[in-house]
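These notes are about the structure you will find just below.
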Amino acid sequence: MTTEKVIIVTGGSGLVGKAIEWVIENDNGRFGRKDGEKWIFLTKATRAIFEKYKPTHVIHLAALVGGLFKNLKYKLDFLRDNLLINDNVLHTAHEYKVEKVVSCLSTCVFPDKTTYPIDETMIHNGPPHHSNFGYAYAKRLIDTQNKAYFDQFGHRFTSVIPTNVFGPHDNYDLQDSHVIPGLIHKCYLAKKNGTPFVVAGTGKPLRQFIYSRDLAKLFIWVLREYDQIDPIILSVGEKDEVSIKDVADTIVKYLGFGGSYSFDTTKADGQFKKTASNAKLLSYLPDFEFTQFDVAIQESVNWFLENYDKARTGNPT
Ligand code: GFB
């Protein structure tokens, strides 16, 4: 008789947590809810939660996160808060003999000076980009913690490395958000108030973006089937890399914005690119279907318009 899997998801009310919940509830294919699985989506993961649910598996998403401009301002908070959150969750998982923990890193952890495409073996090969070194080092250390828990106790704690994520339930705060929710919100306000739509920076930097609901399916696959301690990059292919200008153009199209649209080159561009290889992922899931970028942006814009009143907008006028 197989024992029931009790899966807790830390940071369960955020962008990725909500996407995993959506897939578990709505996907009738290989990624949806399976018999013998109990899923619990948490906002705070403390000892009391482990005591209450006695989880067998953990998807660890809870973190202090933010876009370029928030990272530039709060490097110590990003380092310290994430170090403390990760140690708390991983050590509590150790004490409660959790079978598996899947933690979430980001491709910003990789060295800034590197060859491309970036792959999983390069994670500790040199300093990350200065704009987010606080967050990057705290997240890199999860890989080190996983290896230490395996070495000393044999725990199967692993991690995934997504590229930039976007989708429903994002954080749309104008200062602290990532680029896609930030530009969706800015363009929406420009259209509503008849004011100019201004994109920060030159628009030239390149990024690979993964839709939160695609990432959610891959998280569920990693939880159920990926058996390594070493991390795995979860990303669209290198050929799907787009510029910040491409992103802004697509958002302007789906919001139907016809006003003045410009770039504020006095604002930072951040890292020019962090082109990552998804070869390892495709070696496991060669037929995985990623949602087309345009379709994912349209769904994200529609979700924002339908949920503006309850979305995390930071309450601008
Ligand atoms: O998503 P983002 O903030 O972070 O994207 P990173 C930043 C890029 O978008 C820069 C441009 O080139 C910005 O100049 N941009 C243009 C904007 N307009 C805006 C805007 O309104 N808001 C924002 N945020 N950007 C982050 C790391 O780097 O990536 C985090 O700092 C994390 O730690 C995240 O890893 C996934 O891709 O530059």
Side-chain angles (χ1 to χ4, degrees), residues 11 14-16 61 63-79 81-82 103-112 118 123 127-140 142 159-167 170-190 196-212 215 233-236 241-252 255 257 261-276 297 300 304 312-314 316:
L15 169 66
V16 180
L61 304 173
L64 175 65
V65 298
L68 168 64
F69 303 111
K70 186 176 180 183
N71 270 270
L72 282 168
K73 275 191 285 187
Y74 305 111
K75 290 174 185 159
L76 188 272
D77 296 350
F78 274 95
L79 177 65
D81 291 13
N82 286 311
S103 293
C104 188
L105 285 65
S106 171
T107 51
C108 76
V109 303
F110 287 107
D112 181 38
I118 294 166
I123 186 169
H129 191 263
H130 67 83
S131 64
N132 47 231
F133 73 76
Y135 179 82
Y137 277 121
K139 288 289 186 174
R140 271 191 195 183
I142 289 180
S159 63
V160 301
I161 313 178
T163 48
N164 290 42
V165 191
F166 72 99
D170 214 328
N171 178 348
Y172 303 88
D173 181 285
L174 294 173
Q175 277 73 39
D176 296 348
S177 65
H178 291 99
V179 60
I180 290 181
L183 291 182
I184 289 174
H185 196 178
K186 279 182 182 173
C187 191
Y188 165 83
L189 292 173
F197 172 48
V198 181
V199 178
T202 64
K204 295 198 175 75
L206 303 172
R207 298 285 185 271
Q208 288 155 294
F209 291 100
I210 186 165
Y211 188 38
S212 60
L215 177 61
I233 291 171
L234 302 181
S235 171
V236 295
E241 193 173 49
V242 294
S243 72
I244 299 301
K245 181 176 181 315
D246 298 330
V247 171
D249 290 346
T250 313
I251 290 169
V252 161
L255 271 168
F257 177 75
Y261 158 25
S262 61
F263 291 85
D264 176 356
T265 56
T266 67
K267 294 276 181 9
D269 266 343
Q271 196 165 15
F272 181 72
K273 69 177 186 176
K274 34 188 167 175
T275 316
I297 290 282
S300 302
F304 177 75
R312 294 179 287 162
T313 58

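Being a predicted model, the structure only gives us computed values, none of them experimental. Read the numbers this way: they start at 1 and go in the same order the structure lists the ligands and their atoms.
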| message | Heavy atoms only, cut-off 4.0 Å: how does Lys186 contact ligand 1, side chain, backbone, both, or neither? | response | side chain
| request: Check whether any N or O atom of Gly201, backbone or side chain, sits under 3.5 Å from an N or O atom of ligand 1, and answer yes or no. | output: no
| task | Would you check whether Ser131 reaches within less than 4.0 Å of ligand 1, judged by its heavy atoms? | result | no
| request: Determine, using heavy atoms of Arg207 and all atoms of ligand 1, whether some pair is separated by less than 4.0 Å. | output: yes
| query | Heavy atom under 4.0 Å from ligand 1: found in Asn71's side chain, backbone, both, or neither? | reply | side chain
| query | Is the shortest heavy-atom distance from the side chain of Phe209 to the side chain of Val236 under 4.5 Å? | reply | no
| task | Report, in ascending order of atom number, the atoms of ligand 1 lying under 4.0 Å from any heavy atom of Leu183. | result | 18 (N), 21 (O)
| task | Note the single closest protein heavy atom to atom 3 (O) of ligand 1, along with its residue, its atom name and the distance in Å. | result | Leu68 N, 2.8 Å
| note | min-distance protein heavy atom vs atom 8 (C) of ligand 1 -> Ile244 CD1, 3.8 Å
| request: Would you indicate which of Ala63, Pro162, Ser106 comes nearest to atom 36 (C) of ligand 1 when only heavy atoms are counted? | output: Ser106
| query | Would you call Ala136 a ligand 1 contact, heavy-atom distance under 4.0 Å? | reply | no
| What's the shortest heavy-atom distance between Lys274 and Cys108, and which atoms? | NZ-CB, 4.0 Å
| note | Shortest non-hydrogen pair, Thr163 vs Ser235, comes out as CG2-OG, 3.2 Å
| task | Establish, yes or no, whether a centroid distance under 6.0 Å links the rings of His178 and Phe166. | result | no
| query | Under 3.5 Å, is there a donor-acceptor pair linking the side chains of Thr202 and Asp269? | reply | yes
| query | What orientation do Phe304 and Tyr172 show, parallel under 30°, tilted 30 to 60°, or perpendicular over 60°? | reply | tilted
| Atoms in ligand 1 with a heavy atom of Ala268 nearer than 4.0 Å | 13 (C), 14 (O)
| task | Given side chain to side chain contact (heavy atoms under 4.5 Å, CB included), test Asp112 with His130 step by step and report yes or no. | result | CA-CA 8 Å; Asp112 181 38; His130 67 83; 5.9 Å; no
| Which pair of non-hydrogen atoms, one from Gly201 and one from Phe263, has the smallest distance, and what is that distance? | O-CB, 3.3 Å
| field | Residue part near ligand 1, for Pro205, under 4.0 Å between non-hydrogen atoms | value | side chain
| said: Just to check, does Lys274 reach to within less than 4.0 Å of ligand 1 when the distance is taken from its heavy atoms? | reply: yes
| request: Find out whether Val179 and Arg207 are in side-chain contact, i.e. whether some heavy atom of one side chain is under 4.5 Å from a heavy atom of the other. | output: no
| query | Which ligand 1 atoms does Val199 reach within 4.0 Å, using its non-hydrogen atoms? | reply | 16 (C), 18 (N)
| message | Between Tyr135 and Phe133 (judged by ring centroids, cut-off 6.0 Å), do the two rings come close enough to count as a pair? | response | no
| query | Closest approach of Ser103 and Ile142, non-hydrogen atoms and distance? | reply | CB-CG2, 3.6 Å
| Per-atom contacts of ligand 1 with Gly66, taking only distances under 4.0 Å to non-hydrogen atoms | 30 (C)
| query | Between Val179 and ligand 1, does any nitrogen or oxygen pair lie at a separation below 3.5 Å? | reply | yes
| query | Any N or O of Cys108 that comes nearer than 3.5 Å to an N or O of ligand 1? | reply | no
| field | Gly270 touching ligand 1 at heavy-atom level, < 4.0 angstrom | value | no
| field | Heavy-atom side-chain proximity of Ser300 to Ile184 below 4.5 angstrom | value | yes
| Nearest protein heavy atom with distance in Å, relative to atom 27 (C) of ligand 1 | Asn132 OD1, 3.4 Å
| field | Set of residues satisfying ring pair (Phe, Tyr, Trp, His ring centres under 6.0 Å) with respect to Tyr137, sequence neighbours excluded | value | none
| message | If the cut-off is 4.0 Å to any non-hydrogen atom of Asp269, which atoms of ligand 1 fall inside it? | response | 10 (C), 12 (O), 14 (O)
| For Tyr135, the ligand 1 atoms whose distance to one of its heavy atoms is below 4.0 Å | 33 (O), 35 (O)
| Among protein heavy atoms, which sits nearest to atom 16 (C) of ligand 1, and what does the distance come to when rounded to 0.1 Å? | Ala200 O, 3.1 Å
| note | If we number the atoms of ligand 1 from 1 as shown, the ones under 4.0 Å from a heavy atom of Gly67 are 3 (O)
| said: If we only consider heavy atoms of Gln271, is any one of them less than 4.0 Å away from an atom in ligand 1? | reply: no
| Going by distance alone, is a donor N or O of one side chain under 3.5 Å from an acceptor N or O of the other, for Tyr74 and Asp81? | no
| message | Looking only at protein heavy atoms, which one is nearest to atom 24 (N) of ligand 1, and what is the separation? | response | Ser177 O, 3.0 Å
| task | Give the contacting part of Phe78 toward ligand 1: side chain, backbone, both or neither, where contact means a heavy-atom distance below 4.0 Å. | result | neither
| query | Does atom NZ of Lys267 have more than 12 heavy-atom neighbours, drawn from other residues, nucleotides or ligands, at distances under 6.0 Å? | reply | no
